[in-house]
Every structure is written in structure tokens, then in C-alpha cells.
Number of protein chains: 2
Amino acid sequence: MPERRDLFEANPDDTREAIMKATYDALSRHGYADLTIQRIGDEFDKSKSLLYHHYDSKDALLVDFLSFMLERMEGTIPLEQADAADERLRIGFDHVISEIIDGDRQDFNRAMTELRAQSAHDDAFCEQFSKNDRYFEQRVRVILEAGIDQGLFHDVDTEQVASMLVTIIQGATFQATTSTEPDLEAVRAELDAYIESRLLVDDA
Amino acid sequence: MPERRDLFEANPDDTREAIMKATYDALSRHGYADLTIQRIGDEFDKSKSLLYHHYDSKDALLVDFLSFMLERMEGTIPLEQADAADERLRIGFDHVISEIIDGDRQDFNRAMTELRAQSAHDDAFCEQFSKNDRYFEQRVRVILEAGIDQGLFHDVDTEQVASMLVTIIQGATFQATTSTEPDLEAVRAELDAYIESRLLVDDA
DNA sequence: AATCGGTGATTGAATATTCAATCAACAATG
DNA sequence: CATTGTTGATTGAATATTCAATCACCGATT
């Protein structure tokens with residue numbers, strides 16, 4: 001049971017953080033399509049007009065929110081908790097998948113999926129997500145390369161394998177947020193089998 | 001180059017089909033979030049009021065549209081074009097991936113992703129997609145079981161592997177529709193490598 | 001008194017939905 | 001055959017609602 005650093009404190013002191021939390025709550029409760037300034041205001045202990053004091057528009061607020069969240073989420077990825085590449089890969093995926101599964105985050109995860117789906121029509125969103133994707137894929141590649149150097153992994157095309165791993169994670173996220181009966185346990189198990197059969201050098 | 005049965009005729013005779021096509025066009029052009037009855041009406045050679053003659057509400061129209069499209073898409077999946085399970089798998093994935101990549105469908109695919117992301121908040125959407133998911137996964141499992149029977153595939157847990165394959169396809173779709181530089185070629189290549197290393201019995 | 005954090009009421013545009021009124025086709029009736 | 005009623009398709013205009021954004025104003029702190 002890894003300790004959970006919560007995304008927000010119960011009642012944040014500074015206003016921006018309070019707005020972010022209100023947005024988080026409203027987004028979780030209503031989803032992106034039904035997210036209105038009114039509803040953000042409802043989750044906020046100050047008035048909704050105040051939001052316009054801090055942001056030029058609803059869109060500006062959401063863009064800031066997205067960048068805030070992605071940054072914070074990158075920050076929670078466990079770093080350097082092991083030397084061996086296979087261990088690092090395992091720890092990383094455990095973390096990511098536990099976030100996908102976490103019941104308390106369901107609604108929010110769904111909202112993030114909506115946001116991302118929306119990003120085709122919003123350049124600012126798009127840019128945020130692209131940055132996040134590159135970061136994540138890069139992290140995976142570094143681990144893969146280390147694994148190959150360490151003689152733990154076969155000498156695979158790291159770009160290709162990293163693409164696949166990212167695709168699997170995104171597929172799992174998408175399913176978890178949009179499917180009624182996602183079988184994430186099965187995916188997790190098969191992910192291990194994939195790594196085993198495709199990456200791991202076995203010297204038993 | 002597989003022959004392309006188009007999703008719609010140029011000018012459909014019956015009204016429902018015409019409405020479906022108008023909805024398709026409007027959805028492709030504007031995306032789900034900006035889809036209005038007005039805009040569907042604009043793609044339609046009749047008046048927008050007529051839409052309410054055929055459907056009770058915007059939502060009812062969209063639900064019918066979704067079921068219409070999913071059914072039609074299921075219909076285009078190539079069936080029984082080969083006996084060998086590995087061939088069937090290959091043909092199936094070729095088809096699906098070509099649909100994901102197809103530039104003419106980009107905008108529509110994006111809209112479907114938005115719709116799906118939306119389904120967390122719309123039971124009717126949700127049901128449609130779930131039905132579609134079950135259908136697809138079932139098809140994959142049948143092929144896997146045949147492959148094992150034929151001695152072509154290892155005796156894997158078909159439920160688990162099917163889950164993974166579906167996850168990969170959904171991940172690829174999600175990336176193709178929401179990412180700026182999706183590397184689907186890499187995913188495709190790695191998918192083959194996965195099947196090779198995890199499924200195929202090699203008797204060279 | 002001037003600035004800053006904050007508010008409730010209000011506005012204007014966008015949008016889904018309704019509706020009364022035609023129109024076209026067609027079947028039954030005289 | 002001509003007339004008459006009937007039904008579904010179609011329309012343009014009207015209505016009702018939602019929502020982002022603005023504004024005039026308040027109270028405290030400097």
C-alpha cells in the first residue's frame with residue numbers, strides 16, 4: 001500500500017489553489033461537457049464572479065487548470081526507487097495502473113479523458129497533452145535503454161516498444177474511464193507476460 | 001488496396017439515412033462539443049425543424065446515430081477471408097488499423113472518441129459502446145481459440161490476451177485521434193512482434 | 001482616498017425546442 | 001372523373017432556457 005499524497009489539501013489557503021480544487025471538484029462531479037462557470041463557483045466558497053477576477057475567460061481558467069494538473073501528476077510518478085530497469089518499469093506501471101484503478105479518482109479520470117478527447121479542437125489543450133505524452137514516453141525509453149545496457153532486456157527497438165507501452169497505458173486509461181466492465185487485472189497480467197516474453201533476458 | 005465500401009451514398013433517398021449523413025458531416029466538421037441542431041440542419045437539405053419530426057430530442061437523434069454507425073462499422077469488418085487463425089488476426093487488425101489511419105475519417109474518428117468519452121455521463125451512449133466492445137472482444141477470442149485448436153498459437157489465456165489486444169486497439173485509436181504525433185507504424189510493428197513472441201508457435 | 005478582494009444582479013448571445021401553418025400525395029366518396 | 005378528407009412531410013417564426021461575461025457596488029486594508 002503506497003502512501004497517497006493527496007492532490008489537494010482540504011482547504012487550500014491561496015486563491016489559485018482553491019480555484020483549482022473547485023475546478024477539480026466541479027469537473028469530477030459534472031464532467032467536461034456539463035462544466036459551467038456556475039458549477040465551478042458552486043464548489044468554491046467565494047463567488048463565481050471572482051473567477052473572472054483571476055482569469056480572463058472560462059477557457060483561460062481551464063487551460064491553467066490542465067497545466068496545473070498535469071504538472072502535479074508528473075510530480076507523483078515515483079522516481080529512482082530502484083536501480084534495476086525491470087524493477088523500475090514494474091514500479092512505474094504499478095503506480096500508473098493504481099491511479100487508473102483508484103475508485104476515488106474515477107470521476108476525475110473520466111473528466112481528463114473528456115478533456116483530452118476535446119483537445120482536437122483546442123490548441124492549448126493539445127499542447128499540454130502533447131508535452132505530457134512526450135515526457136512519459138521519454139521516461140519509458142530511458143528505462144528501456146538502461147535495461148538493455150544492464151543486459152536485462154533484449155536489444156529491442158526502444159522507440160517501438162516505448163510506443164507500444166504508452167499505447168497500452170492509454171488504452172487501459174481510456175477503457176477504465178469509458179467502459180462498463182474494463183478488465184484491468186487481465187491487462188495488467190498480460191502486460192507482465194508481454195514484458196516477460198518480449199523484453200526479459202532469462203538466465204534462470 | 002482493399003476496396004472501400006463507403007459509409008454513405010452521395011445522396012441517400014430515405015430520410016433517416018439523410019439525417020444520419022447530415023449528422024455524420026456536422027459531427028466531422030464541428031466535433032461533438034460544438035454540434036448543434038442548427039449545424040446538423042445546415043448539412044441537411046431539409047429544414048432543421050424536420051429533425052424534431054423524426055426525433056424527440058437532440059439526444060435521441062444522437063443515440064440513434066451512434067447505434068446506426070456502430071452497426072454499420074461492425075458490418076465492414078472482414079469476415080472469414082482466411083482459415084488460418086494467424087491470417088485472420090492479421091487481416092482483422094489490418095482492417096481496423098487502416099480505418100484508424102484513414103485520413104478521410106480523421107475528423108469522424110475524433111468525434112467518435114469525443115462521443116465515447118462522453119458516454120460516462122450518458123447511459124444510452126454507454127450501452128451502445130459496451131455492446132460494441134463485447135462484440136469486438138468476442139470476435140478476437142474466437143480467433144484466438146481457433147488458433148490454439150489449430151496448433152498455431154500457444155495455449156494462452158484467451159480472455160487475458162483478448163483484453164490486451166482490445167486495449168491496444170483502443171489505445172491506438174485514442175492516440176490517433178488525440179495526439180499530435182501518434183506513431184501508429186511503430187505500434188503496428190510492435191503488435192506483430194508481440195503476437196510473434198507471445199502467440200505464435202514456431203516450427204521453422 | 002485609493003486599491004484590492006469580493007459580490008449579486010444583469011445582459012446578450014447562443015441554443016434547444018415548440019408550434020401553427022403549408023404542401024404533396026393519396027384514398028375514399030359522390 | 002371531380003371532390004373531399006386524411007395523413008405525413010416540411011417550413012419559418014416564436015419561445016424558453018442556459019450560460020459566459022460584465023458591471024456597479026461593497027467593505028476592508030494601506
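Letters go in sequence order (proteins before strands), and every chain restarts at 1.
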- Task: Could you identify which residues of residues 24-43 of chain A place a heavy atom less than 4.0 Å from some atom of DNA chain D, listed by residue number, or say none?
- Result: A:L35, A:T36, A:I37

Grab the N/O contacts between the protein and nucleotides 4-7 of chain C below 3.5 Å, and write none if there aren't any.
from: C:dG6; atom 1: OP1; to: A:K46; atom 2: NZ; distance (Å): 2.5
from: C:dT7; atom 1: OP2; to: A:S47; atom 2: N; distance (Å): 2.3

- Message: Listing request: all salt bridge (charged side-chain N to carboxylate O under 4.0 Å, His left out) pairs with a residue in residues 118-133 of chain A, at least two apart in sequence or in separate chains.
- Response: A:R116-A:D133

- Query: Do NZ/NE/NH1/NH2 and the carboxylate oxygens of B:K48 and B:D42 come within less than 4.0 Å?
  - Reply: no

- Going by heavy atoms closer than 4.0 Å, what residues in residues 56-69 of chain B are next to DNA chain C? B:S57, B:K58

- Message: Assess whether a salt bridge exists between B:D34 and B:R29, defined as any Lys/Arg side-chain N lying under 4.0 Å from an Asp/Glu carboxylate O.
- Response: no

- Message: Over 60° means perpendicular and under 30° means parallel, so tell me whether B:Y194 and A:Y194 are parallel, tilted or perpendicular.
- Response: perpendicular

- Should B:D25 and B:K21 count as an ion pair when the cut-off is N to O under 4.0 Å? yes

- Before accepting this row, confirm whether a basic side-chain N of the pair A:R90/A:E87 lies closer than 4.0 Å to the acidic partner's carboxylate O. yes

- Electrostatic pair A:R88-A:D83, nearest N-O below 4.0 angstrom: no

- Task: Output yes when B:R198 and A:E196 qualify as a salt bridge under the 4.0 Å nitrogen-oxygen rule, no when they do not.
- Result: no

- Item | cation_pi(A:R39, A:F44) dist<6.0 Å, angle<=45 | no

- Does any donor atom in the side chain of A:S130 or B:T180 lie under 3.5 Å from an acceptor atom in the other side chain? yes

- Which two nucleotides bound the region of DNA chain D that has atoms under 4.0 Å from heavy atoms of chain A, read 5' to 3'? D:dC19 to D:dT22

- Inter-residue atom distance A:I19.CD1 - A:D64.CG, 0.5 Å rounding: 9.0 Å

- Pairs where residues 74-124 of chain B contributes a residue and the test ring pair (Phe, Tyr, Trp, His ring centres under 6.0 Å) is met, not counting sequence neighbours: B:Y24-B:F108

